[in-house]
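Just below is one structure, and these are the notes that go with it.
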Amino acid sequence: MVETLKIEIKKTAKSRVSEVNFHDIPFGKVYADHMFMADFRNGDWKNLRVVPYGHMLISPATPAIHYGQSIFEGLKAYKNDRGEALIFRPLDNWKRMNISADRMCMPYLPEDIFMEGIHTLMELDRDWIPTTEGSSFYIRPFMFSADEYIGIRPSLDFTFMIINSPVGPYYSTPVKVKIETHYTRAVEGGTGFAKAGGNYGGSLYPAKLAQDQGYHQLIWTDGREHKYIEESGTMNVMFVFEDTLVTPELGDSILRGITRDSVLTLARHWGMKVEERKISVKELVDGLESGRVKEAFGAGTAATIAHIELIGYEGKNHYLPPVETRKFSNKVLNELEAIKRGLKPDPFGWMYTF
Ligand code: COI
């Protein structure tokens, strides 16, 4: 696959890596030396290149800016003792990117462009992959429409890019979430399952209202009745009811999380009872009040396994049991971290070494 691709490489004149304090890396603010770019023109991907990370010149009439024809992915790399880059489930991100592209009238991105783009950047920016505890290398592939045209129609031209960022934890403490029963993130028939930029833009305002009340994030409910739990916007949500792992079933309005799938795979592998089904707000709140809900956590690439400290609903905060008592979420967090860092066997073939 890979050898046939021609990628032009223009290296940075001076690496910035020595300026980074790898012991204190904020999420998403520091970017590695190089970025990958490819142009979709006249029905084909061309001009594959790596250039120094930096600002770009684009037309003010770029439709992605006006109409949000823009999608992205997020995946993570780690470094093992031999200095190799270990990438977690990249082909799943590639597949999901094409599901998002299809929904957003964007072109199919071939596997080799996605994988070789990542591979080339890993070789150039290997020194940027942190090894400090709790840190990782966040890989952000994205695609946007690139016509110079502000009529409403699917673009003809597109740009695909990958930028990379050494990151610390997305949430540094257990999270406080609020069940949202007025605003809506996604509905049946909408774009909630796609990793489309607009899904995130539209969720900022209700999330900000919750943040003003002291919460980190929302738990979205279905857009029709606000009766069923959906996801959290930055992560899927999961609960342990007694000894059963329960998470909302996938549909049009929920992102098909790769961490979500990894958690479910491990739970089933360990013989735990797993249910993917509708969870009503009432069932959750009753479970929190009666103590049947033993654990609650978010699952996402950036968030990893984010313990939920409390869940707010109709003005009342429901506290979860202390984090140290949460057997499943701690076990799955440790297991995933160990697999990702190459410290434990990878029984599901998730890791790619570059
Ligand atoms: C991710 O987990 O990769 C996400 O996309 C969540 C967020 C940073 C937007």
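As the structure lists them, so they are numbered: ligands from 1, and atoms in each ligand from 1.
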**OP:** Report the distance from atom OG1 of T353 to atom CE of M122, rounding to the nearest 0.5 Å.
**Re:** 12.5 Å
Original post:
Against heavy atoms of G74, which atoms of ligand 1 measure under 4.0 Å?
Top reply: 3 (O)
Original post:
Do any N/O atoms on Y200 end up under 3.5 angstrom from N/O atoms on ligand 1?
Top reply: no
Original post:
If you measure from the Lys or Arg side-chain nitrogens to the Asp or Glu carboxylate oxygens, is any gap between E337 and R341 under 4.0 Å?
Top reply: yes
Original post:
Between K14 and E19, is the closest basic N to carboxylate O distance under 4.0 Å?
Top reply: no
Original post:
Which residue owns the protein heavy atom closest to atom 6 (C) of ligand 1, what's the atom, and how far is it?
Top reply: T234 O, 3.9 Å
Original post:
Are R292 and D286 close enough for a salt bridge, meaning some N to O gap below 4.0 Å?
Top reply: no
**OP:** For atom 3 (O) of ligand 1, find the nearest protein heavy atom and state the residue, atom name and distance (0.1 Å precision).
**Re:** Y138 OH, 2.5 Å
**OP:** Give the contacting part of M235 toward ligand 1: side chain, backbone, both or neither, where contact means a heavy-atom distance below 4.0 Å.
**Re:** neither
Original post:
Looking at K278 and E283, does any basic side-chain N land under 4.0 Å from a carboxylate oxygen?
Top reply: no
Subject >> N or O contact, Y170 vs ligand 1, cut-off under 3.5 Å >> reply: no
Original post:
Any chance the side chains of N330 and H307 put a donor and an acceptor closer than 3.5 Å?
Top reply: yes
**OP:** Test V293 against every option in I308, V285, L288 by the side-chain contact (heavy atoms from CB on, under 4.5 Å) rule and name the one that passes.
**Re:** L288
**OP:** Just need the protein heavy atom nearest to atom 2 (O) of ligand 1, so name the residue and atom and give the distance.
**Re:** A302 N, 2.8 Å
Original post:
Considering only heavy atoms of F72, which atoms of ligand 1 have at least one such atom less than 4.0 Å away?
Top reply: 5 (O)
**OP:** Give a yes/no on ligand 1: does K195 have at least one heavy atom closer than 4.0 angstrom to it?
**Re:** yes
